[in-house]
Amino acid sequence: MIYTEELINSVSAEPITGTVRICELAENALDGMGNEWTEREYEVLIEASALIESLIEANIIECPIHPPELFGDIIQDCRQILNFLMEVKRLFSAEQSLAKHQSAKARFTATLGARFHYEFSQGDLDEVQRLINELRDMVSASTHLEDEHRHRVLKRLERLQSELHKKVSDLDRFWGLIGDAGVVFGKLGKDAKPFVDRITEISRIVWQTQARAEELPSGTPIPKLEDKNAEE
């Protein structure tokens, strides 16, 4: 079995990368792509198509390409499924390449000094990476979050981690994560503490980095929005 439980779990954490991997595994498992399709190849292709369809239905991935209708004819079905998988692979490979391009561009722009940038210390960068990894593991394993919220946070974490470098042109993705996560985790009550602790630590590091770049006094606390009505 090539579509292991470990692989399926990894797709939840990295939907774009994982989907491309599913298509590649199916393609690599084929001995040929002609008229001599084997039962094993048929099974591999059907499982790959079913897995991707399940990911779409679970809102883990968004895919405009519809899975093929099967007729029970091994030659016709294999050809249709393979075409479907190759289209999905092209679509998600393009998304993967775009994310890499944007990440590289942001890194080079900051390095060349073409625009203002924020710079993490190496220690802070390593700590943020560790905290994001822990968050991804916790979110993936959570049984308290609704599927839609869980997948939305996982996608945000995946994109954030792919663009995380020592120098970044803006911190919007970090603050976006904190805002989105606050809404989601606010529904968990006491179960939210492990998540909130890590989000709080990330926000502390991000604020220190921002304050340093803006030349604010050392130790300046994160500003809080005051409720005007609470003071009256």
Side-chain angles (χ1 to χ4, degrees), residues 1-103 132-133 135-163 173 176-177 180-181 184:
M1 181 178 180
I2 61 176
Y3 309 111
T4 62
E5 184 175 346
E6 181 181 0
L7 170 65
I8 296 172
N9 290 335
S10 72
V11 179
S12 294
E14 299 182 333
I16 296 175
T17 302
T19 301
V20 172
R21 180 62 177 156
I22 291 169
C23 296
E24 289 177 340
L25 285 172
E27 185 178 7
N28 294 337
L30 303 180
D31 296 325
M33 299 182 187
N35 295 324
E36 300 299 326
W37 296 98
T38 66
E39 288 292 339
R40 177 182 173 279
E41 291 173 329
Y42 194 20
E43 182 180 347
V44 167
L45 290 172
I46 285 179
E47 287 188 353
S49 179
L51 177 51
I52 290 178
E53 188 171 359
S54 296
L55 294 171
I56 295 172
E57 291 178 353
N59 294 318
I60 295 177
I61 62 174
E62 297 178 3
C63 181
I65 306 170
H66 298 290
E69 181 180 356
L70 304 182
F71 297 95
D73 180 282
I74 186 171
I75 295 177
Q76 183 179 2
D77 287 353
C78 284
R79 287 176 177 171
Q80 289 194 141
I81 295 174
L82 182 60
N83 288 337
F84 166 68
L85 294 177
M86 293 303 96
E87 285 297 315
V88 171
K89 179 184 174 183
R90 277 192 286 271
L91 175 66
F92 281 82
S93 292
E95 289 192 31
Q96 197 175 43
S97 297
L98 179 61
K100 290 179 179 178
H101 176 269
Q102 292 174 332
S103 175
I132 292 177
N133 283 332
L135 276 172
R136 287 172 60 172
D137 291 341
M138 294 168 64
V139 172
S140 296
S142 175
T143 58
H144 301 291
L145 294 173
E146 297 174 358
D147 287 345
E148 181 181 353
H149 290 156
R150 182 169 66 251
H151 299 319
R152 184 175 66 197
V153 175
L154 285 171
K155 285 181 181 179
R156 187 184 288 277
L157 289 170
E158 181 182 8
R159 293 192 184 99
L160 176 60
Q161 198 162 34
S162 70
E163 297 179 9
R173 286 202 183 278
L177 164 69
D180 190 40
V184 176

NZ of K100 to CD1 of I16, rounded to nearest 0.5 Å, is 11.0 Å
Are L7 and T4 close enough, and set up right, to give a side chain to side chain contact (heavy atoms under 4.5 Å, CB included), and what steps lead you there? CA-CA 5 Å; L7 170 65; T4 62; 3.6 Å; yes
Look up atom SG in C78 and atom CG in N83, then write down how far apart they are to the nearest 0.5 Å. 11.0 Å
Checking side chain to side chain contact (heavy atoms under 4.5 Å, CB included) for the pair L70/I81: CA distance, chi angles, key distance, verdict? CA-CA 8 Å; L70 304 182; I81 295 174; 3.7 Å; yes
Between Q80 and E69 (side chain of the first, backbone of the second, donor and acceptor by atom type, cut-off under 3.5 Å), is there such a pair? yes
Quick one: does C63's side chain get under 4.5 Å of V88's, heavy atoms only? yes
Hey, mind stepping through R21 and V11 against side chain to side chain contact (heavy atoms under 4.5 Å, CB included) and telling me if it holds? CA-CA 9 Å; R21 180 62 177 156; V11 179; over 6 Å; no
Gap separating the CD atom of E95 from the CD1 atom of I61, nearest 0.5 angstrom: 9.5 Å
Can you measure from SG (C23) to CZ (F92) and round to the nearest 0.5 angstrom? 8.5 Å
Are K89 and E27 close enough for a salt bridge, meaning some N to O gap below 4.0 Å? yes
Using side-chain heavy atoms (C-beta onward) and a distance below 4.5 Å, is L55 in contact with P15? no
Which residues share a side chain to side chain contact (heavy atoms under 4.5 Å, CB included) with E39, sequence neighbours left out: Y42, I74
Is the shortest side-chain heavy-atom distance between W37 and L30 below 4.5 Å? yes
Regarding E43 and R40, does a basic nitrogen lie under 4.0 Å from an acidic carboxylate oxygen? no
Return each pair, listed once, that meets side-chain hydrogen bond (donor to acceptor under 3.5 Å, both in side chains) where at least one residue sits in residues 52-66; pairs must be two or more places apart or across chains. none
Can you give me the closest heavy-atom contact between L154 and S140, atom names plus distance? CD2-OG, 3.6 Å
Can you tell me how far apart CG (L91) and OG1 (T19) are? Round to the nearest 0.5 Å. 9.5 Å
Rounding to 0.5 Å, atoms CD (E14) and CD (Q96) come to a distance of 9.5 Å
